[in-house]
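Report on the structure given below.
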Amino acid sequence: MIVLDTNQLEHVAFPHGAVLGMLRKIAELQQQNLAIPEMVVVEHVAHYRRRVEQALTTARKALATLDKTFDQDLLSHVETLSVEAAAEKHQAALGKSFDILPTPSGAAEEALRREANRIAPAEQIWEVGNGKPMKARGARDVTIWLTLLERARSTDAPVWFVSQDGDFGKDDFHAVLREEAERELGSGAGRLRLLHGGIDQLLRELAERTQKPAELARMLKGPVVSYAAHIALTEADIFARLLPRIPRDPSYTAIPYGSVALGFHDVKRTETYQVGDRLWVSAQLRWQAAANFERFMQPSAPKSLTPGVEFAFDATVLLEIENGEPRSAEVVSLGPLAVLAVTDGLDDRNGPWTTATWWVPRRSGDAS
């Protein structure tokens, strides 16, 4: 089992980072589970909640100014957004991506005791310069440590803790923690290991980092990756999310789902690793796309109108390469959609669009 500390979740840019996509695939190939302690969930979601709060505060100030400038109500939608709803959604995403290791019974009380007594991995310093007392801290690290011990106690499999927090140790856990592990786990203490070099050290041990293929740009723009992106978009039900952007016209009463076309994209970051005889590339891509809606006049007139929505989105794609050619691709993370324009249809899109259009069958009841 591979267990990530809070700082490593930030490092892999959950949920859309290219490194995270690679880590998931390599862990799967190595038959390793990815996990995080319950306390890491609490810490990470707290940081995320704070960032959302700050972003909303900045947005409200900017939109209040723009409201006055353009004499329009631009602020009302932002005022309906909930920080708690965003935090709950983010926490649910963590639960889908990782095994959550529960905090052992009694760990909170023991963590506070060790913090007060300056016992590792809590802060061990009592005084700073000039004899000024050092405030006790580190109960959360203690809780994480006790969670690791409990997991190692309940399994015969290795437990690797990936962290760059010096409070746990460097080349190995601090001596006091290693001694505790030997007392608690006996001969199984060696199964519990600290990877202080973080995700980079972990990936170096599980796979061989290598140069990106010479034809990678071509492969990322090719049909294997495009089709994977299309599948991810339709599974995310993008039409339902984009439909409200289509202006309503009382003379057209039914809008079945239509098609989505993918255009050019930018490559933001790639990571390439050799695993056995295969290359695996994790790439963060910024796509441009357009959704096409078929709007029909009912009940008798055959006339139809085809409006469209241009949009952009980020996606983390995992590409498998065999013998220099793409073998498979999967979108492991799909970012939010950003609407760029509402058009009269796909033929009115600005700029070159080279990929194919895929039709999405209308489902029963799809009407507006």
Side-chain angles (χ1 to χ4, degrees), residues 1-11 14 27 32-50 84 87-88 90-127 133-196 198-199 202:
M1 172 171 283
I2 298 168
V3 185
L4 304 187
D5 197 2
T6 308
N7 52 60
Q8 297 307 291
L9 271 184
E10 299 294 331
H11 177 70
F14 177 84
Q32 296 263 23
N33 291 335
L34 290 179
I36 51 177
E38 189 176 13
M39 179 52 65
V40 167
V41 175
V42 173
E43 286 188 312
H44 180 75
V45 173
H47 295 162
Y48 179 80
R49 182 184 291 107
R50 176 59 177 164
E84 287 306 315
E88 289 174 5
H90 195 73
Q91 183 166 334
L94 286 171
K96 293 179 180 178
S97 297
F98 300 95
D99 293 340
I100 308 300
L101 306 182
T103 301
S105 176
E109 294 81 359
E110 176 64 10
L112 292 174
R113 185 190 73 81
R114 295 195 190 191
E115 180 185 78
N117 288 279
R118 310 304 201 272
I119 300 174
E123 180 62 70
Q124 301 172 69
I125 299 174
W126 289 86
E127 296 177 349
M134 178 75 172
K135 187 174 182 180
R137 62 186 184 185
R140 287 170 294 175
D141 284 346
V142 176
T143 303
I144 291 171
W145 167 249
L146 295 175
T147 303
L148 292 172
L149 277 179
E150 180 63 25
R151 173 54 61 174
R153 187 183 294 112
S154 64
T155 181
D156 293 331
V159 177
W160 290 5
F161 181 50
V162 186
S163 175
Q164 292 180 301
D165 185 343
D167 290 332
F168 290 100
K170 293 186 178 179
D171 294 334
D172 188 16
F173 289 108
H174 285 310
V176 64
L177 299 180
R178 177 53 66 188
E179 291 170 3
E180 182 179 4
E182 291 173 353
R183 289 195 308 270
E184 295 292 327
L185 305 175
S187 61
R191 297 195 306 270
L192 181 56
R193 184 183 171 201
L194 173 65
L195 277 69
H196 186 257
I199 296 294
L202 174 65

Quiz item: So, Glu182 and Arg178, do they make that salt bridge, N to O below 4.0 Å?
Solution: no

Quiz prompt | Side chains of Glu180 and Trp145, donor plus acceptor under 3.5 Å | solution = yes

Quiz item: Between His44 and Glu10, does any side-chain donor sit less than 3.5 Å from a side-chain acceptor?
Solution: yes

Is any side-chain heavy atom of [X] closer than 4.5 Å to a side-chain heavy atom of [Y]?
{"X": "Ile199", "Y": "Gln164", "result": "no"}
{"X": "Leu194", "Y": "Leu177", "result": "no"}
{"X": "Phe98", "Y": "Val40", "result": "no"}
{"X": "Thr143", "Y": "Pro37", "result": "no"}
{"X": "Glu109", "Y": "Arg113", "result": "no"}

Work out which heavy atom in [X] is nearest to a heavy atom in [Y]; give both atom names and the distance.
{"X": "Trp126", "Y": "Arg118", "result": "CE2-CG, 3.1 Å"}
{"X": "Ala152", "Y": "Val159", "result": "CA-CG2, 4.0 Å"}
{"X": "Arg114", "Y": "Ala122", "result": "O-CB, 3.9 Å"}
{"X": "Arg151", "Y": "Thr155", "result": "O-CG2, 3.0 Å"}
{"X": "Asp141", "Y": "Pro121", "result": "O-CG, 3.6 Å"}
{"X": "Ala181", "Y": "Leu149", "result": "CA-CD2, 4.0 Å"}

Quiz item: What class does the angle between the rings of His90 and Tyr48 fall in, given that below 30° is parallel, 30 to 60° is tilted and above 60° is perpendicular?
Solution: parallel

For the atom pair [atom1] ([X]) and [atom2] ([Y]), what is the distance rounded to the nearest 0.5 Å?
{"X": "His174", "Y": "Ile119", "atom1": "NE2", "atom2": "CD1", "result": "13.5 Å"}
{"X": "Glu38", "Y": "Thr103", "atom1": "CD", "atom2": "OG1", "result": "4.0 Å"}
{"X": "Asp172", "Y": "Arg193", "atom1": "CG", "atom2": "CZ", "result": "9.0 Å"}
{"X": "Trp160", "Y": "Arg191", "atom1": "CH2", "atom2": "CZ", "result": "14.0 Å"}
{"X": "Phe173", "Y": "Glu179", "atom1": "CZ", "atom2": "CD", "result": "14.0 Å"}
{"X": "Ile2", "Y": "Leu202", "atom1": "CD1", "atom2": "CG", "result": "4.5 Å"}

Taking salt bridge (Lys or Arg N to Asp or Glu O under 4.0 Å) as the definition, give me every residue that meets it alongside [X], ordered by chain and number, with sequence neighbours left out.
{"X": "Glu123", "answer": "Arg137"}
{"X": "Glu184", "answer": "Arg153"}
{"X": "Arg140", "answer": "Glu43"}

Exercise. Count the heavy atoms belonging to other residues, nucleotides or ligands that lie under 6.0 Å from CG of Asn117, then report whether that count exceeds 12.
Key: yes

Self-check item: Ser163 backbone acceptor or donor facing Gln8 side chain under 3.5 Å
Solution: no

Quiz item: Any donor-acceptor pair under 3.5 Å linking the side chain of Asp165 with the backbone of Asp167?
Solution: yes

Quiz item: Taking Val3 as the fixed residue, which of Thr147, Leu101, Val162, Ile36 is the one that meets the side-chain contact (heavy atoms from CB on, under 4.5 Å) rule?
Solution: Leu101

